[in-house]
Undergrad: 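Sending over a structure as structure tokens; questions will come in a sec.
We use all heavy atoms of the structure for the numbers below, so side chains are in, but hydrogens, waters and symmetry mates are not. Residue numbering restarts at 1 for every chain, and letters A, B, ... go by the order of the sequence lines.
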2 protein chains.
Amino acid sequence: MANVLGAKIKGLRKEKALTLEQLAEKIGSGKSYIWEIENKGVKRPSAEKLAAIAKALDVTTDYLIDDTQTEVSDDLEKEVFYRKLGQLDKGDQDRIMDMIDAWSKK
Amino acid sequence: MANVLGAKIKGLRKEKALTLEQLAEKIGSGKSYIWEIENKGVKRPSAEKLAAIAKALDVTTDYLIDDTQTEVSDDLEKEVFYRKLGQLDKGDQDRIMDMIDAWSKK
DNA sequence: ATATAAGTATCGCTATCTTGAACTTTCTGT
DNA sequence: ACAGAAAGTTCAAGATAGCGATACTTATAT
């Protein structure tokens, strides 16, 4: 379970039936490098490259980077959260945020 | 019109009243390097670094990278909420959701 | 069987990133 | 106002990784 980033990219690329060359072209780099990211566990692609990759694969860079996030985030779940949150007034929203902050400190 | 990234980081850091040293420590870098990112504008930080910075400043890396996006939107704030919520364990997540439910009944 | 596309691998230049110190400016309390 | 502390600014040099170029190997198809 070493190279999460590489696995994600490879998976998404395959889903879209793109070859290394096609993806490489989309993001303006060589296929060898993107192959290395996928397979050799290249640790830190530049933000620029990663943003380009994310765009080409229709995901966010945050999703690609975050190792704890292994599934393309469930839009429905997120939507529900957003909608409920939006129903609160600003003060309550802030209180929720404070609470999340406090609890994530440990 | 150069160095949008640096300006964003600097702005967010100031908003949170963090010193260079404090932010540097949060993300595991020297203050000189982060100063260079903010002011010298020549740097293209790695995705890893940028992700750490985004997390420390409560924004997404996508927001930091996208030069066309210059202000923190409501959507972005919600996105950050959601990200933090995901870091909590299931029990805490449920309690947050319950709280949102309770408060929205008004 | 040959051609062509896809994938695998290596090399090397350059830029990122670290360290760390020294210097300057701004802030703080007295 | 002054000293001392804290924040910010600058520089230099070395280690490391990004990633483009290129060439080799394996799969697919006609």
Side-chain angles (χ1 to χ4, degrees), chain A residues 1-69, chain B residues 1-70 72:
Chain A
M1 187 80 159
N3 183 19
V4 181
L5 172 67
K8 280 181 185 171
I9 292 175
K10 193 171 197 169
L12 289 166
R13 178 173 64 81
K14 287 273 159 73
E15 264 179 36
K16 292 185 175 297
L18 293 172
T19 70
L20 284 171
E21 225 157 14
Q22 287 170 333
L23 180 56
E25 164 116 15
K26 266 172 172 275
I27 70 175
S29 66
K31 63 174 178 176
S32 60
Y33 179 59
I34 139 126
W35 177 82
E36 277 183 351
I37 291 177
E38 288 185 356
N39 300 283
K40 275 265 182 86
V42 170
K43 293 157 219 159
R44 5 182 207 279
S46 74
E48 266 185 359
K49 281 299 161 200
L50 203 62
I53 293 172
K55 192 172 180 185
L57 296 177
D58 293 320
V59 292
T60 64
T61 68
D62 292 281
Y63 162 71
L64 288 180
I65 290 172
D66 185 357
D67 277 6
T68 69
Q69 211 177 338
Chain B
M1 181 95 167
N3 196 19
V4 181
L5 172 67
K8 280 181 185 171
I9 293 176
K10 193 172 197 168
L12 289 165
R13 178 173 64 81
K14 287 273 158 76
E15 265 178 36
K16 292 188 172 296
L18 293 171
T19 70
L20 283 171
E21 225 157 15
Q22 287 169 333
L23 180 56
E25 171 161 16
K26 266 173 175 274
I27 70 173
S29 286
K31 64 174 178 175
S32 56
Y33 179 61
I34 138 122
W35 179 86
E36 279 173 356
I37 290 176
E38 286 186 355
N39 300 283
K40 272 270 164 88
V42 180
K43 307 279 185 183
R44 289 172 299 162
S46 72
E48 214 182 41
K49 277 299 156 203
L50 208 59
I53 293 172
K55 195 169 183 180
L57 296 176
D58 292 323
V59 291
T60 62
T61 69
D62 292 285
Y63 164 71
L64 289 179
I65 290 173
D66 185 357
D67 276 9
T68 70
Q69 209 177 339
T70 54
V72 178

Undergrad: Using every non-hydrogen atom in the two residues, find where A/A24 and A/G30 come nearest and quote the distance to one decimal.
TA: CB-C, 3.8 Å

Undergrad: Regarding A/N39 and A/K10, is there a side-chain donor-to-acceptor distance under 3.5 Å anywhere?
TA: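 There is such a pair (donor and acceptor under 3.5 Å, judged by atom type) between the side chains of A/N39 and A/K10.
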
Undergrad: What is the separation between atom NZ on A/K40 and atom P on C/dG7, rounded to the nearest whole Å?
TA: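 My rounded result for the distance is 16 Å.
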
Undergrad: Between P on C/dT19 and CD on B/E36, what's the gap in Å once rounded to a whole number?
TA: 14 Å

Undergrad: Is the side chain of B/D67 donor-acceptor paired with the backbone N or O of B/N3 at a distance under 3.5 Å, no angle test?
TA: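 No.
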
Undergrad: Which residues, if any, of residues 25-32 of chain B bring a heavy atom under 4.0 Å of DNA chain D?
TA: B/K31, B/S32

Undergrad: Output all residues satisfying side-chain contact (heavy atoms from CB on, under 4.5 Å) with A/Q22, sequence neighbours left out; order by chain, then residue number.
TA: A/L18, A/T19

Undergrad: Which pairs with one or both residues in residues 54-66 of chain B pass salt bridge (Lys or Arg N to Asp or Glu O under 4.0 Å), sequence neighbours excluded?
TA: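 Residue pairs passing salt bridge (Lys or Arg N to Asp or Glu O under 4.0 Å), neighbours aside: B/K16-B/D58, B/D58-B/K84.
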
Undergrad: Heavy atoms of chain B, cut-off under 4.0 Å: which first and last nucleotide of DNA chain D, 5' to 3', fall inside that, if you could look?
TA: D/dA7 to D/dC11

Undergrad: What heavy-atom pair brings A/A47 and B/I65 nearest, and what distance separates the two atoms?
TA: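 It is O-CD1, 3.7 Å.
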
Undergrad: Strictly below 4.0 Å: does A/W35 bring a side-chain N or O up to OP1 or OP2 of C/dG7?
TA: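 Negative; the distance criterion is not met.
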
Undergrad: If the condition is side-chain contact (heavy atoms from CB on, under 4.5 Å), which residues does B/A52 pass it with, not counting sequence neighbours?
TA: B/I27

Undergrad: A/N39 CG to C/dT10 P: how many Å, rounded?
TA: 13 Å

Undergrad: Do you know which two heavy atoms are closest between B/Y63 and B/Q69, and how far apart they sit?
TA: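 So the minimum-distance heavy-atom pair works out to CE1-O, 3.5 Å.
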
Undergrad: Quick one: B/I34 CD1 to C/dT16 P, roughly how many Å, whole number?
TA: 16 Å

Undergrad: Which of residues 11-21 of chain B sit near DNA chain D, with a heavy atom under 4.0 Å from it?
TA: B/R13, B/K14, B/T19, B/L20

Undergrad: Residues in salt bridge (charged side-chain N to carboxylate O under 4.0 Å, His left out) with A/E36, at least two apart?
TA: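 Applying salt bridge (charged side-chain N to carboxylate O under 4.0 Å, His left out) to A/E36 gives none.
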
Undergrad: State which residues pass side-chain contact (heavy atoms from CB on, under 4.5 Å) with A/K49; sequence neighbours excluded, sorted by chain then number.
TA: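 side-chain contact (heavy atoms from CB on, under 4.5 Å) check on A/K49 returns A/S29, A/S46.
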
Undergrad: Has B/R44 got a side-chain N or O lying under 4.0 Å from the OP1 or OP2 atom of C/dA15?
TA: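 The answer is no; no side-chain N or O of B/R44 sits under 4.0 Å from OP1 or OP2.
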
Undergrad: List in chain and number order the residues that pass side chain to side chain donor-acceptor pair (under 3.5 Å) with B/K31, two or more places apart in sequence or in another chain; answer none if no residue qualifies.
TA: none

Undergrad: Taking all heavy atoms of B/E38 and all of B/I9, pick out the closest pair and write down the distance.
TA: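 That would be OE2-CG2, 3.7 Å.
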
Undergrad: Rounding to 10 degrees, work out the angle separating the end axes of the helix from C/dA1-D/dT30 to C/dT30-D/dA1 (five pairs an end).
TA: 50°

Undergrad: Do A/T60 and B/T60 come close enough that some side-chain heavy atom pair is under 4.5 Å?
TA: no

